[in-house]
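Numbers for residues simply follow the sequence, beginning at 1.
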Amino acid sequence: MIALPSAARADTVSDFVGYYQNAYAEGRDLIPGPQIPLDISSIASRLDLQTVSPKAALSGSAFLGADGDVIKLAGVQGCLSAEPLEFAGMPTTCAMISLAGMTATLDEAKAGAGDAFPCHVFAQNPGRPTVRFAECFFVENGAVRSLSEALIRKGLAFAARDRAGRPVSPEYLQAEETARGEQAGIWANGQFTHPYHPVNPSTN
């Protein structure tokens with residue numbers, strides 16, 4: 001799609017974004033997971049930052065970059081529930097809160113970085129569009145913040161778990177528990193049910 005002539009790109013990108021967003025609003029995340037296990041620890045040993053300019057949110061944990069690649073945030077999972085719930089006095093769904101939260105947080109991150117920010121890419125899936133799995137950063141009030149942590153901390157997404165139910169990034173589980181304790185974002189709704197099973201401490 002990105003290879004089309006520039007005159008056709010605007011509508012094509014808009015259609016592309018709308019296709020993913022509409023599916024997500026219905027509770028379907030069309031962005032595949034990584035084809036290989038992600039080595040999250042690599043960020044501490046060999047940080048390799050690439051500048052990314054986001055175009056639009058595609059889901060509660062992914063966005064389209066200006067280069068046509070999809071950036072899927074590692075360690076975070078947007079809410080996929082399409083069950084009706086009330087949020088800030090308005091009827092909506094958990095998926096819509098998560099999608100709107102990604103959009104708003106991207107805008108905040110871009111505002112402090114001139115429409116672009118650095119991301120550390122862990123891996124990517126080939127194909128069109130290419131999906132890159134990354135951790136992204138932005139500056140807020142003079143401090144560097146993780147985009148994933150910001151979404152979780154605001155109660156707009158969750159700490160992603162592996163198949164055994166363990167958090168991919170333990171520090172994000174702490175951010176989730178803080179958001180839950182403060183009833184931030186989605187956690188403000190007493191009827192909301194967490195999408196993951198409780199983490200089993202005995203799981204190896």
CA sep, side-chain torsions, deciding dist, call: Phe133, Asn125, side chain to side chain contact (heavy atoms under 4.5 Å, CB included): CA-CA 8 Å; Phe133 302 90; Asn125 289 350; 3.6 Å; yes

Pair Arg145, Glu149 - check salt bridge (Lys or Arg N to Asp or Glu O under 4.0 Å), show working. CA-CA 7 Å; Arg145 293 196 64 190; Glu149 187 273 339; 2.9 Å; yes

Show the numbers, then the answer: is there a side chain to side chain contact (heavy atoms under 4.5 Å, CB included) between Gln21 and Leu99? CA-CA 8 Å; Gln21 288 185 346; Leu99 181 60; 4.0 Å; yes

Step by step, would you call Trp187 with Glu176 a side chain to side chain contact (heavy atoms under 4.5 Å, CB included)? CA-CA 10 Å; Trp187 301 111; Glu176 179 184 295; 4.0 Å; yes

Worked check of side chain to side chain donor-acceptor pair (under 3.5 Å) between Arg161 and Gln77: CA-CA 8 Å; Arg161 270 71 160 182; Gln77 174 60 56; over 6 Å; no

Candidate pair Ile186 and Cys79, rule side chain to side chain contact (heavy atoms under 4.5 Å, CB included), full reasoning: CA-CA 9 Å; Ile186 297 166; Cys79 189; 4.1 Å; yes

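Under the 4.5 Å side-chain criterion, counting only non-hydrogen atoms from C-beta, Ile152 is not in contact with Arg180. Considering only heavy atoms from C-beta on, Leu85 stays 4.5 Å or farther from Thr93 through its side chain. Contact of the Ser61 side chain with the Phe158 side chain is not registered, since no non-hydrogen atoms from C-beta on lie closer than 4.5 Å. No side-chain heavy atom of Phe87 sits under 4.5 Å from any side-chain heavy atom of Met96. Looking only at side-chain heavy atoms (C-beta outward), Pro126 and Gln35 come within less than 4.5 Å of each other. Side-chain contact between Met102 and Leu73: present, with at least one pair of heavy atoms (C-beta onward) separated by less than 4.5 Å. Contact of the Val131 side chain with the Pro32 side chain is registered, since non-hydrogen atoms from C-beta on lie closer than 4.5 Å. Counting heavy atoms from C-beta outward, Pro118 and Thr51 have side chains that stay 4.5 Å or more apart.
The pair Asp67-Lys55 fails the salt-bridge criterion, with no side-chain N (NZ, NE, NH1 or NH2) lying under 4.0 Å from an Asp/Glu carboxylate O.
Between atom SG of residue Cys136 and atom CG of residue Leu106 there is a gap of 8.5 Å, rounded to the nearest 0.5 Å. Atom NZ of Lys72 is separated from atom CG of Asp29 by 4.5 Å, given to the nearest 0.5 angstrom. In this structure, CD in Gln50 is found 5.5 Å from CZ in Arg132, a value given to the nearest 0.5 Å. Leu30 contributes atom CG, which lies 10.0 Å from atom CG of Asn22 (distance to the nearest 0.5 angstrom).
No continuous path of ILVMFWY side-chain contacts below 4.5 Å connects Phe137 to Val121, so the two sit in separate hydrophobic clusters.
Phe16 and Tyr20 have tilted rings, their planes meeting at an angle from 30° to 60° on a 0 to 90° scale.
Looking at His120, its side chain does come within 3.5 Å of a backbone N or O of Asp48 through a donor-acceptor pair. A distance-only check finds no donor-acceptor pair linking the side chain of Ser53 to the backbone of Ala66 [under 3.5 Å]. Between the Ser98 side chain and the Leu156 main chain, a donor and an acceptor come within less than 3.5 Å of each other.
Across all their heavy atoms, Gly60 and Ala157 have their closest contact at O-CB, 4.4 Å. Residues Tyr24 and Leu58 share a closest heavy-atom pair of CB-O, 4.0 Å. Across all their heavy atoms, Gly27 and Ala82 have their closest contact at N-CB, 4.3 Å. Gly68 and Pro129 get closest at one heavy-atom pair: O-CB, 3.7 Å. Across all their heavy atoms, Gly75 and Ser169 have their closest contact at CA-OG, 4.3 Å.
In this structure, Gln124 places its CD atom where more than 12 heavy-atom neighbours from other residues, nucleotides or ligands lie under 6.0 Å away.
Exactly one residue among Val70, Ile31, Leu147, Val17 makes a side chain to side chain contact (heavy atoms under 4.5 Å, CB included) with Phe63. That residue is Leu147.
Partners of Glu182 according to the salt bridge (Lys or Arg N to Asp or Glu O under 4.0 Å) rule, which considers only residues two or more places apart in sequence or in another chain, are Arg153.
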